[in-house]
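Naming convention: chains lettered A, B, ... in sequence-line order (proteins, then strands); numbering from 1 in each chain.
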Amino acid sequence: MIYRENKGSFIHRVNYGLPFETLAIEEANGCPFNCEYCFLKSYFSEKDIVVYTNRSCLFEELESKLQEGKKRRFYLGEYSEPLWINRFNKVLPEIIEVFKNYPDEELEVRTKFNDVDFLKDVRPLKNIVFAWSLIPEDISERIEKGVPSVDERIKAMVKTKNMGFRVGVRFEPVILYNGWERGYAELIKKVSFALDEPLEMGALRLTPSLRRLIYSKNPDSEILKNEFILSNDGKLRYPRGIRFRLYSYILNLIPASSVRIYMEEEFILESLNKHWKIF
Amino acid sequence: MEEIKIEEINIEKPAVVVHIGKSDFLEKSILNFGLLSPPILFKNNGSLEIVDGWERLRIAKKHSMGRVRCHILKCSLRDAFLFHLSLNMKWRGFSDGEKILIFKRFKRFGFTEEEIVRLWEKVSGEKMSKNFLMECLKLYDELPEIIEFLHSERINLTSARELLKFPVGWRGEILSFLIRVKASAGESIKFLRLLEDGLYLGRIKNLDFLKKFSDLKSAVKEVFELSHPYTARCIKEIEKIMKELPPGFDMRIPEYLSSNNVELKVNFNILENLKIPENLNEIFSKIRKIVVEGVDIQGE
């Protein structure tokens, strides 16, 4: 792990294709886990995890963005694993504290980690949501190396919810694999306690360079064993019909009004909206 | 200007000259009119090297012209090389194959990659990324035969760079296939991208099957089916439904069924009293359903 100053910006605009503006906070970058599909591997040139030390600059920039009062969603976890980083750099409780004064702005802490004990000392806020990225247990064991198991993550979700925090489920990415229908059905049953918050999901997408990187590390990667097409934004995605059927299957198991689909092409959303009224 | 004996000039393996091929026109002109424009030389470690006029000197030597009048510059090897590039860039330009030789020569003369990128832009006016440079150097090291193919435009540089996405052992075989089937640049790129998809998907494990193809169109069809099995299934399903249409209807399907506004183009000539089937709308909605919602993904 490298500790150093961030000479650039801490907050970046990200486009999730959601009906509100989204910004990502870069308190650190890099992740200790080894998920085969992770874009961070091709995004950052450094293999080490970088933690930024100039926290005052981070808070200054964050306050100034929040003061704009645009009712936006801020993300922690776009560039790093915020719960894991918090073990070494206790910045998360302070970031949450900042949001106390901006109830119309939302913070989503996206994670795959299961250490939530530090939250005992943090006051829950209505505009903070802890969201866990989940894929079915069987595929997770094979492609999410070093990550707490799905059950461990769900236990952490229950713990967090019991502490009074909002807890969300993110199927990020939705993956096609042999047995995916059973896998997603079981997973949805397990996380049903957290479906009072909208479930957000997006089917797997890879950049061509990430696909080459995955292949160079593991030519037999299960991720690559599916057909991809190059979409207009330069990302490789499952063919249109496959994506439609993945989303349809999940939408048949969850009230569609509490589902958001992101990073998806307009025509897929249009096609889905003809059958379901998505949130 | 000095009169120099041709044997004193290093024509066989010139240090700075990058030039592939020969010109019959120039040979005829020299035989008729002699050397109209004097070559430019420089001295390098006691040897007379060519800055400009290599082809003229090669022809003069071939026809035993003995002595030629030349300009002799006082300059370093690196400066002579840059001068050679500037002069030739102005008068004849360089082929893609020669460009790769130039980049290799830059490296041999000890220029850093950053310097090469900067100097090449200055000399040629072409912007180049470091990544592009590295790929060109890799092509030279791993597929030396490609220089000649690039020079003779039997493959273009974009297609050649696509080759680097494949395992090392595959590159030569794919290159010789592309040269054999004489594909255009666009066709080559399409073929290579499909082949790459098939490789990652694990449906193309070796290239033996390419041996049976003598044209690219049928090879692309097979590679498409291997690399896009789901889309190929959708298309087959659509083609099956299209058979319900009477003769005279011509329907085109978008290749990957993926574009933003998937458009089914149906052409028919109404003047020829073509009978429009009563179930036309039903056929269209069956096709639309496959285009939008796909087919069952069991077994994918």
More than 12 heavy atoms of other residues, nucleotides or ligands under 6.0 Å from [atom1] of [X]: yes or no?
X	atom1	result
B/Phe213	CZ	yes
A/Lys190	NZ	yes
B/Glu244	CD	yes

What is the distance from atom [atom1] of [X] to atom [atom2] of [Y], rounded to the nearest 0.5 Å?
X	Y	atom1	atom2	value
B/Lys289	A/Ser271	NZ	OG	11.0 Å
B/Phe166	A/Tyr215	CZ	OH	10.0 Å
A/Ile242	B/Glu293	CD1	CD	14.5 Å

Legend entry - Inter-chain contacts: residues 192-202 of chain B against chain A, heavy atoms under 4.5 Å: B/Glu196, B/Asp197, B/Leu199, B/Tyr200, B/Leu201, B/Gly202

Legend entry - Proximal to chain A - members of residues 109-133 of chain B, heavy-atom separation under 4.5 Å: none

Legend entry - Polar side-chain atom of A/Arg245 near backbone of B/Ile297 as donor-acceptor pair, under 3.5 Å: no

Legend entry - Flag, side chain of B/His228 to backbone of A/Phe228, donor-acceptor distance under 3.5 Å: yes

Legend entry - B/Tyr230 to A/Pro239 - nearest heavy-atom pair and separation: CD2-CB, 3.8 Å

